Number of protein chains: 2
Amino acid sequence: MNGPSGNVPTIGVFDSGFGGLTVLRALIARMPQARFAFLGDTARLPYGSKSRRTIARYAVQSAQFLVNEQGAEYLVIACNTASALALDAIQEAVPVPVLGVIEPGAAAARAASTTRDVLVVATDATVHSHAYSAACQAQGLRALEKACPLLVPLVEEGWTSHPVTAEVIRIYLDELRADAATRGMSADTLVLGCTHYPLLRPLIQQVLDGCGPCAIRVIDSAESTAEAAVKLFNGRTANATGLTAHTEIRCFATDSVEKFERLGSRFLERPVGRVELIDLGG
Amino acid sequence: MNGPSGNVPTIGVFDSGFGGLTVLRALIARMPQARFAFLGDTARLPYGSKSRRTIARYAVQSAQFLVNEQGAEYLVIACNTASALALDAIQEAVPVPVLGVIEPGAAAARAASTTRDVLVVATDATVHSHAYSAACQAQGLRALEKACPLLVPLVEEGWTSHPVTAEVIRIYLDELRADAATRGMSADTLVLGCTHYPLLRPLIQQVLDGCGPCAIRVIDSAESTAEAAVKLFNGRTANATGLTAHTEIRCFATDSVEKFERLGSRFLERPVGRVELIDLGG
């Protein structure tokens with residue numbers, strides 16, 4: 001299958017906001033020759049507080065924009081809430097392969113864990129969906145999830161290496177590990193189940209290292225998803241390493257692009273450039 | 001003018017979420033004989049990231065629900081973003097007196113300040129609107145605003161007396177006062193320009209007291225708005241003190257009511273009871 005651009009496939013990446021740019025960054029690192037179209041449905045975020053039906057409707061509209069109007073031949077749903085609640089609906093609605101972020105994270109945890117007990121940190125909405133627990137269970141893992149609602153605002157404030165953020169991470173991880181201990185779990189793996197959290201990975205590792213010889217391995221689901229994408233896309237796009245001048249990226253948003261443009265480069269680790277405003281309706 | 005309930009007027013209170021319950025709490029304390037209908041447009045929050053036109057449309061729909069379907073004879077817009085960007089549109093759309101939260105906060109600052117220099121802490125969206133600066137300028141005050149985006153999530157996490165929150169407040173206030181000093185301002189008043197912040201008032205006061213003899217007076221715009229409401233409503237409702245059995249409160253929300261019911265009682269300082277789900281359309 002070749003896309004409208006000949007041999008260069010277009011990969012559509014979708015998020016309710018711009019956190020999914022961490023997934024796009026991981027995809028670019030592995031598929032620098034691809035074209036990417038990223039859509040942040042910023043007018044309708046946060047998805048987490050909305051019903052499954054509403055989320056599916058929004059996500060399908062967004063997926064159709066990427067496939068029908070941007071010619072995406074593959075879709076990556078770089079949004080935990082949409083992956084948890086709307087992956088089936090998206091797969092039914094578009095005729096291209098669709099990959100979410102949750103299964104790859106659980107599969108990577110399966111590969112990393114020897115105790116088969118894993119911890120998951122995520123937003124309130126993702127934890128309430130129990131999507132990681134279900135995906136981990138399907139991999140033969142026991143998972144304990146914890147909502148860490150302060151981490152996204154701390155990342156968006158730019159405090160990714162701030163002492164306050166380290167303290168908040170320490171509190172959350174202490175609570176999570178105490179809870180795991182009371183359940184008799186011996187967890188050796190921590191899944192970062194939110195697209196904002198890769199920016200906190202160094203600090204999370206530092207806090208874990210400070211806990212003594214706990215030997216907990218951190219799984220970044222953005223990285224895991226990008227690895228799964230390379231396999232799913234059958235190697236068509238992975239013919240070089242690192243970012244090259246051939247990478248073509250277009251970013252779209254459904255509402256005010258100011259925050260997207262201002263913060264997005266931290267997530268993408270390169271300028272996001274001009275973000276194009278589109279209207280997907282109500 | 002009497003409402004559908006005879007001598008007992010109905011006051012409609014509107015917010016994009018449930019933070020405005022702090023304003024409702026202040027209103028109940030001053031008008032315990034009134035009926036209150038509170039609407040949180042939770043399906044469409046946050047308003048802060050949306051355009052003025054969209055916010056006006058949402059706010060007008062919400063105001064019309066309170067007036068036309070709940071018989072509100074007065075409206076209090078307990079939402080800084082809607083007060084900043086949609087007060088005129090609401091006043092044109094409904095035939096009842098409408099009060100926002102910004103003018104009363106600025107007027108209270110005017111009454112409190114002797115130096116005429118005031119500080120304002122608020123959300124990113126409110127600061128970007130510069131509504132407090134404009135309202136303070138109209139009162140002959142010079143205002144310096146600071147966005148404090150971590151405070152709302154800290155309140156919603158329940159960390160209203162947590163050392164991390166105290167540290168975040170200290171950092172924000174230090175930055176704000178340093179900025180004021182470089183501008184040659186001698187501020188003696190701090191306006192809490194967000195409906196979540198009254199829950200942090202004790203901690204904010206504690207941080208200010210720890211700064212030495214700075215003598216900064218804190219203005220809670222929820223309290224100021226309730227005081228202005230009593231005057232605007234012409235004393236019709238202020239015939240007792242404190243909460244009595246006569247206070248009748250109905251709460252409405254446009255999307256999942258779980259978070260509203262779970263967190264709302266902290267803001268209202270009494271149980272919010274059952275929150276009724278309504279549909280205002282797209």
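Every value quoted in this text rests on a predicted model; they were computed, and no experiment measured them. Chain letters run A, B, ... following the sequence lines, proteins first, then strands; residues in each count from 1.
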Residues, nucleotides or ligands: over 12 heavy atoms within 6.0 Å of E258(B) CD | yes
Residues in side chain to side chain contact (heavy atoms under 4.5 Å, CB included) contact with H162(A), at least two apart in sequence or another chain | W159(A), V164(A), T165(A), I171(B)
Can you find a pair of side-chain heavy atoms, one from L150(A) and one from L150(B), that are under 4.5 Å apart?
-> no
Partner residues of A84(A) under the side chain to side chain contact (heavy atoms under 4.5 Å, CB included) criterion, sequence neighbours left out | I102(A), S129(A), A131(A)
What residue, out of V152(A), L45(A), T54(A), T42(A), has the most heavy-atom pairs lying under 4.5 Å from chain B?
-> L45(A)
State plainly whether the residues R262(A) and D124(B) are in salt-bridge range, i.e. N to O under 4.0 Å.
-> yes
